[in-house]
Amino acid sequence: MTILEQGSGAAPQAAADLIKDTTTQSFVRDVIEESKRQPVLIDFWAQWCGPCKQLTPILEKAVRAANGKVKLVKMNIDEHPSIPGQMGIQSIPAVIAFVDGRPADGFMGAVPESQVNAFIEKLTAGMPGGAPTAAELLQEAEAVLAEGDVQTAASIYAEVLRADGTNVAAIAGLARCYMQTGATEQAKKTLGLVPEAKREDAAVKAVQAMIDLAEQAQSLGPIAELEQKVAADPLDHQARFDLAIALNAADRREDATTHLLDIVKRDRKWNDDGARKQLVQFFEAWGPTDDATVEGRKRLSTILFS
């Protein structure tokens with residue numbers, strides 16, 4: 001179960017583990033791609049294999065003791081024979097280490113704990129900078145999230161939280177991932193882990209804005225009905241305001257911006273400058289570098305200062 005599929009429980013329990021099972025379908029993500037961030041051991045095993053049952057607990061203990069320098073991924077060869085077949089695995093247990101997306105080393109058989117520890121030490125020795133820093137992981141998470149890979153981003157944020165459960169940027173990032181999958185309640189629980197003194201952090205406020213907007217949208221009617229109201233009476237600012245919130249919830253950011261700007265142009269003072277304030281909340285939720293924010297700020301400035 002992935003961290004985004006765990007709909008209940010606090011974020012720490014949802015954190016991605018150092019040890020997981022993989023399938024033929026998820027092998028590339030779990031092993032190849034993950035090994036580009038840190039070494040990954042793939043343990044080929046089977047239920048009938050006695051030596052496998054001896055080795056697996058030793059592997060798990062050694063990986064946990066390595067404290068994040070390496071991950072362990074297990075594959076049942078009876079359930080998923082194609083990958084070990086392609087790799088020429090003819091006897092088990094077999095452990096192959098992947099680094100930078102390629103096999104780097106390995107061993108066969110139920111070796112003793114000391115040998116497993118030595119194998120991991122050799123594998124991680126001399127790595128540039130050792131394990132990735134929290135800052136490096138956060139930067140990577142932002143990059144993959146920007147590419148639309150919410151699952152991978154969430155697993156990286158969770159990895160940071162596993163080492164430091166108070167990292168505000170990681171908490172906010174994980175909450176943002178939940179919001180992007182529509183898991184508003186889980187996002188609220190995650191954001192609740194932020195200490196009171198850090199509530200004004202920009203990343204935290206951005207996610208809180210996303211949550212507030214999502215909850216606002218839940219109380220509105222269908223977009224089609226709101227559009228009909230606005231078409232029937234273009235001066236119905238409340239209907240247009242509600243339509244903008246609903247459009248934002250549907251990720252139609254440009255349309256949402258246009259409707260709020262229309263209110264600002266027609267009646268800046270409406271609802272105590274409510275349209276402009278709502279637009280600013282949109283910008284906060286979208287982030288300062290989002291294309292919709294950049295363009296929206298330009299259009300708003302043109303209206304306010306022309």
Side-chain angles (χ1 to χ4, degrees), residues 138-139 141-150 153 168-169 171-173 175-182 184 187-188 191 194 198-306:
L138 289 170
Q139 186 176 15
E142 288 293 318
V144 297
L145 187 57
E147 294 171 358
D149 190 350
V150 179
V168 173
I171 294 173
R176 185 149 45 103
C177 290
Y178 281 123
M179 285 303 298
Q180 292 198 14
T181 64
T184 304
K188 290 169 66 174
L191 208 62
V194 176
K198 299 289 186 179
R199 289 284 173 177
E200 292 302 308
D201 182 273
V204 174
K205 291 178 69 176
V207 180
Q208 186 60 59
M210 293 174 69
I211 293 171
D212 294 342
L213 289 169
E215 292 182 335
Q216 278 182 275
Q218 289 176 358
S219 63
L220 303 175
I223 288 177
E225 291 182 8
L226 293 169
E227 288 177 329
Q228 289 173 3
K229 285 185 178 181
V230 172
D233 182 3
L235 295 180
D236 187 345
H237 296 331
Q238 186 61 57
R240 192 181 293 277
F241 183 89
D242 292 345
L243 175 58
I245 294 174
L247 289 169
N248 174 65
D251 205 28
R252 291 171 58 182
R253 296 180 178 182
E254 184 178 351
D255 292 339
T257 298
T258 296
H259 282 290
L260 289 178
L261 289 174
D262 187 86
I263 297 173
V264 174
K265 285 190 291 186
R266 291 173 185 269
D267 186 357
R268 169 71 186 276
K269 296 181 179 180
W270 176 80
N271 198 23
D272 192 24
D273 199 18
R276 184 193 63 81
K277 291 177 180 177
Q278 184 63 72
L279 194 54
V280 170
Q281 188 182 33
F282 281 172
F283 297 158
E284 188 174 50
W286 299 340
T289 61
D290 187 273
D291 290 343
T293 298
V294 174
E295 183 61 27
R297 287 193 189 280
K298 290 179 182 178
R299 295 171 66 189
L300 178 61
S301 297
T302 299
I303 293 171
L304 296 180
F305 304 113
S306 60

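Computed over heavy atoms, backbone and side chain alike; hydrogens, waters and symmetry mates excluded.
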Which one of Leu279, Leu247, Asn248 satisfies the side-chain contact (heavy atoms from CB on, under 4.5 Å) criterion with His259? Leu247
From Glu142 atom CD to Gln139 atom CD, the distance as rounded to the nearest 0.5 Å: 9.5 Å
Please name the pair of heavy atoms, one in Ala175 and one in Ala187, separated by the smallest distance, quoted to 0.1 Å. O-CB, 3.5 Å
Less than 3.5 Å apart, which donor and acceptor atoms pair up between the side chains of residues 214-230 and the rest of the protein, not counting sequence neighbours?
{"unit_1": "Glu215", "atom_1": "OE2", "unit_2": "Lys188", "atom_2": "NZ", "d": "2.8"}
{"unit_1": "Ser219", "atom_1": "OG", "unit_2": "Gln216", "atom_2": "O", "d": "2.8"}

Here the gap from Gln208 atom CD to Asp212 atom CG, rounded to the nearest 0.5 Å, amounts to 4.5 Å
Sole residue of Asp242, Leu260, Asp267, Asn271 in side-chain contact (heavy atoms from CB on, under 4.5 Å) with His237: Asp267
Taken in chain and number order and not counting sequence neighbours, the residues that satisfy salt bridge (Lys or Arg N to Asp or Glu O under 4.0 Å) with Lys198 are none
With Arg299, which residues qualify under side-chain contact (heavy atoms from CB on, under 4.5 Å), at least two apart? Glu254, Thr257, Thr258, Leu261, Glu295
Closest approach of Leu191 and Ile171, non-hydrogen atoms and distance? CA-CG2, 4.3 Å
Atom of Val204, atom of Ala172 and distance for their closest heavy-atom approach: N-CB, 4.1 Å
Is any side-chain heavy atom of Gln278 closer than 4.5 Å to a side-chain heavy atom of Ile263? no
On a heavy-atom basis, which atom in Lys205 and which in Arg199 lie closest, and how many Å separate them? CG-O, 3.6 Å
Looking at every non-hydrogen atom in both residues, tell me the closest pair between Leu213 and Phe282 and how far apart they are. CD2-CE2, 3.4 Å
Asp262 side, atom CG; Ile303 side, atom CD1 - distance, nearest 0.5 Å: 8.5 Å
Would you call the rings of Trp270 and Phe241 parallel, tilted or perpendicular, taking 30° and 60° as the class edges? tilted
Electrostatic pair Asp291-Arg253, nearest N-O below 4.0 angstrom: no
Hey, are the side chains of Asp201 and Val194 touching, using non-hydrogen atoms and a 4.5 Å cut-off? no
Is the backbone N or O of Leu235 less than 3.5 Å from a side-chain atom of Asp233, with the two atoms forming a donor-acceptor pair by type? yes
Please find the pair of heavy atoms, one from Pro234 and one from Arg240, that lie closest to each other, and give the distance. O-NH2, 3.2 Å
